[in-house]
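Only one structure is covered here, and it is reproduced in the block below.
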Number of protein chains: 2
Amino acid sequence: MGRRTPGSAPTLSDVAQHAGVSLATASRAINGSQTRVVGEELRERVLASARALGYAPDANAQAMARGTTRAVGVIVHDLTDPYFAAVADAMSRAATERDLFLTLATTGNHVEHLAEVVAQLDTLRVRAIVLVGGRWKANQPTADLLSAVDRYVSRGGRVVTIGMEVPGVDSVNVDSEDGARQLARHLHRLGYRSPLILSGPELHSTAVTRSAAFVRALADEGIAVHPDHLISSDFTRTGGAIAMRMALEAGVDVDVAIAMNDVMALGAMAEARANGVAVPQELAFTGFGDIPSLQDVIPSLTTVHIPSSSLATLALNLALDGPGDGTGDVTVPVMLVARDSTPERAG
Amino acid sequence: MGRRTPGSAPTLSDVAQHAGVSLATASRAINGSQTRVVGEELRERVLASARALGYAPDANAQAMARGTTRAVGVIVHDLTDPYFAAVADAMSRAATERDLFLTLATTGNHVEHLAEVVAQLDTLRVRAIVLVGGRWKANQPTADLLSAVDRYVSRGGRVVTIGMEVPGVDSVNVDSEDGARQLARHLHRLGYRSPLILSGPELHSTAVTRSAAFVRALADEGIAVHPDHLISSDFTRTGGAIAMRMALEAGVDVDVAIAMNDVMALGAMAEARANGVAVPQELAFTGFGDIPSLQDVIPSLTTVHIPSSSLATLALNLALDGPGDGTGDVTVPVMLVARDSTPERAG
DNA sequence: TTGTATGCGTTATCAT
DNA sequence: ATGATAACGCATACAA
């Protein structure tokens, strides 16, 4: 067969030679120039040669010659978290749509590696970086991160964050404010009066913002949140469980636990149940995000739907076409999803 | 500030010039050659210049000069599926471990794009491609895919699949055989005697292999599977639900539904319950895979744990260090996880 | 140890 | 319309 020796790859020159044309013509015939056109006959011949040799262009060489790549970088905390998985998946689709490909990086539990990851992507000369925030203990950008972003941007790189504020960087955010309002109104109407708020890490801006939004929204409904009824913990399932345990041990008297995201709610719910609390009769639960696996938990969890797909699409569009100066912030609407974890409460 | 005009990036030449050394010295000082060493003083000066200019190497140029990249390609069906998410996450960690980065591609529902995706990754000259099979309707490699893989391999590329057979390609597989055996034994001991097998697509080799393994394993326990009690459907949650509905409408008399993966089991379980079946008393359920979200479903699902992390690590190692000729197949052990969806059955 | 020069595969700018 | 040829940014064989 036409298999060449391993390690070698047919180059454009090989193709040109095989077709008996110049390198330039081969290039134009295969990857098409915007200015030049190749004659019908030659084009056919070149294409045939390319096929015959099994030619595949070298994207790295193209990147260098063109001065730009077709890669976009995506940074998430942990793909195991359904929220990130959903966003990453949508991002992948959106990228394919625009004929780009994804370089995906996860930071695991190490926020401190964030700057390093950005530098890596910088090295790859990705066209844009989408930084998906949301589960790190703290999401205040460190000096390291800021300078890495700054270097990248100074090279013409584009950055946009999702659910995370970085000075001078465009961002796409969830309308936590409105979500809290919808949920608070719903709970009030159902008869809930003493909420327990399961907040995220105290250093996490989304956690702080969102819980503040809940406190306000509840106040608007005439429901005051007792200071002891706001517990901070990790933005994870375990975090939710721990917060719930703390609440139970403190013997708080509440009728609904409002978690700042779904996984926390699930963790808290499991913990409550494990401690003999009747869910949802004795204690109701709400989440935030509407991750897919929610459809299989019992009772199904009342939550606020975050359209992760538009989140991703908007972020990518913003990254590629936006101003790129931090003035292009976008907020995506959310929607209450009432389910079984918050039954109507008898007075 | 030292911000350069957007679009431009300081190059190694700039650094060399700034430090007053040659290009070669700058290169060696920054990325360290294995043969050459740079004097202490000069190295410092170069590094300082690099820092001062905000220099970041161009990975594309390096790739070209070195003739090799640090990228590995990963192809999954859908990140929204917890199984793929888990594998991809583990892959990301494994890649970081080896100082590589991930180029992630999802095929969505379009198996037919698989060849195209491989060609793309080929273009990028990724060091290796890990193809994670498992949810496509059919996973028989098409001629398109085969030739794309062949071209890539002939260039020195490495391919390994997970849970999918492609001729001449190394693969990492789950020990379905043993998983079926463990589960069958468990079910038999608990008193189950008439199983319903929820299989995957008829064209899907994993589905076929695994259900055959179950039929055998059950037979070994003296349990025969009635032909009508093996239903094929999609490898998805919806597929599971549909299969369950068909079984219910057919009025099958069974005591346990054995799904070929977790999401099918969850879909089937929900469907059964929606149709008034008491779960698990009236009908028990088992899955395969042990995806994380299982901990929040009630009753918790008995399943077979697939160590997705070692799956990913092994695949990557095999891809990078293996023979690369299809003789390096690896099988990873699985483990029964008995939970509440299969209670002991009163004779 | 340091510097010079060449090549990696492609695009783009010139001529022709 | 086609063909030379110069970049692109870096690593390395060779020379000093």
Side-chain angles (χ1 to χ4, degrees), chain A residues 4 7-47 49-50 53-71 122-126 155-156, chain B residues 4 7-47 49-50 53-70 122-127 155-156:
Chain A
R4 304 168 51 90
S8 86
T11 74
L12 195 52
S13 301
D14 297 335
V15 175
Q17 196 159 12
H18 181 105
V21 301
S22 77
L23 183 59
T25 301
S27 173
R28 295 194 271 252
I30 290 182
N31 295 308
S33 156
Q34 22 268 63
T35 52
R36 305 297 178 174
V37 179
V38 179
E40 188 64 21
E41 184 197 359
L42 281 194
R43 139 178 293 123
E44 294 298 341
R45 220 162 68 209
V46 172
L47 260 41
S49 296
L53 296 177
Y55 170 77
D58 183 323
N60 299 295
Q62 290 184 314
M64 208 169 54
R66 297 207 244 247
T68 173
T69 69
R70 300 193 311 127
D122 186 353
T123 272
L124 295 172
R125 300 291 188 263
V126 296
R155 276 186 196 94
Chain B
R4 304 168 52 90
S8 86
T11 73
L12 194 54
S13 303
D14 296 336
V15 175
Q17 196 158 13
H18 181 105
V21 300
S22 77
L23 183 58
T25 301
S27 173
R28 298 194 267 252
I30 289 182
N31 295 308
S33 158
Q34 22 268 63
T35 50
R36 306 296 179 176
V37 179
V38 180
E40 188 64 21
E41 184 197 359
L42 281 195
R43 140 177 292 123
E44 293 299 339
R45 219 160 72 206
V46 172
L47 262 40
S49 295
L53 295 177
Y55 170 76
D58 184 323
N60 300 295
Q62 289 184 313
M64 208 168 54
R66 295 206 245 248
T68 173
T69 68
R70 299 193 312 127
D122 186 353
T123 272
L124 295 173
R125 300 291 188 265
V126 296
R127 274 216 204 148
R155 274 185 197 93

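Sequence lines set the chain letters: A, B, ... in the order given, protein chains first and strands last, and positions in each chain run from 1.
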Next on the checklist: Looking only at the side chain of A:R28 (C-beta and beyond, no hydrogens), which of the listed nucleotides D:dT12, D:dT2, C:dC8 gets closest?
Outcome noted: D:dT2
Next on the checklist: Between the base of C:dG9 and the side chain of B:R125, is one N or O donor paired with an acceptor at under 3.5 angstrom?
Outcome noted: no
Checklist entry - Roughly how many Å is it from CE in B:M64 to P in D:dC10, rounded to a whole number? => result 11 Å
Checklist entry - 5'-most contact on DNA chain C: B:R43 or A:D58, nearest heavy atom basis? => result B:R43
Checklist entry - Can a side chain N or O of B:Q62 be found less than 4.0 Å away from OP1 or OP2 on D:dA11? => result yes
Checklist outcome for this item: Here the pair of heavy atoms bringing B:D14 nearest to B:A9 is OD2-O, 4.1 Å
Checklist entry - Does a nitrogen or oxygen in the side chain of A:N60 sit under 4.0 Å from OP1 or OP2 of C:dG9? => result no
Next on the checklist: Between P on D:dT12 and CG on B:L12, what's the gap in Å once rounded to a whole number?
Outcome noted: 12 Å
Next on the checklist: Of the options C:dT2, C:dT10, D:dG9, whose atoms approach the side-chain atoms of B:A61 most closely?
Outcome noted: D:dG9
Checklist outcome for this item: When rounded to whole Å, the CG to C1' distance for the pair B:N31 and D:dG9 reads 12 Å
Next on the checklist: Can you tell me how far apart CD (A:Q62) and OG1 (A:T68) are? Round to the nearest 0.5 Å.
Outcome noted: 11.0 Å
Checklist entry - Within this structure, what is the CZ-to-P distance between A:R66 and C:dT13, rounded to whole angstrom? => result 13 Å
Checklist entry - What closest approach, in Å, do B:S49 and B:H18 show between heavy atoms, and which atom pair accounts for it? => result OG-CD2, 2.8 Å
Next on the checklist: Checking contacts here: which listed nucleotide (D:dT2, D:dC10, C:dG9) is nearest the side-chain heavy atoms of B:T11?
Outcome noted: D:dC10
Next on the checklist: Expressed as a whole number of angstroms, how long is the span from B:L53:CG to D:dG9:P?
Outcome noted: 14 Å
Next on the checklist: Are the side chains of B:L12 and B:S27 in contact, using a 4.5 Å heavy-atom criterion?
Outcome noted: yes
Next on the checklist: If I take atom CD1 in residue A:I30 and atom P in nucleotide C:dT10, what distance separates them, rounded to the nearest angstrom?
Outcome noted: 8 Å
Checklist entry - Hey, can you pull the residues of residues 19-27 of chain B with a non-hydrogen atom under 4.0 angstrom from DNA chain C? => result B:V21, B:S22, B:A24, B:T25
Checklist entry - What is the nucleic acid contact for B:G67, judged by heavy atoms within less than 4.0 Å: base, sugar-phosphate only, or nothing? => result nothing
Item to check | Audit row: A:V38, A:V46, side-chain contact (heavy atoms from CB on, under 4.5 Å) steps and yes/no | outcome: CA-CA 10 Å; A:V38 179; A:V46 172; 6.0 Å; no
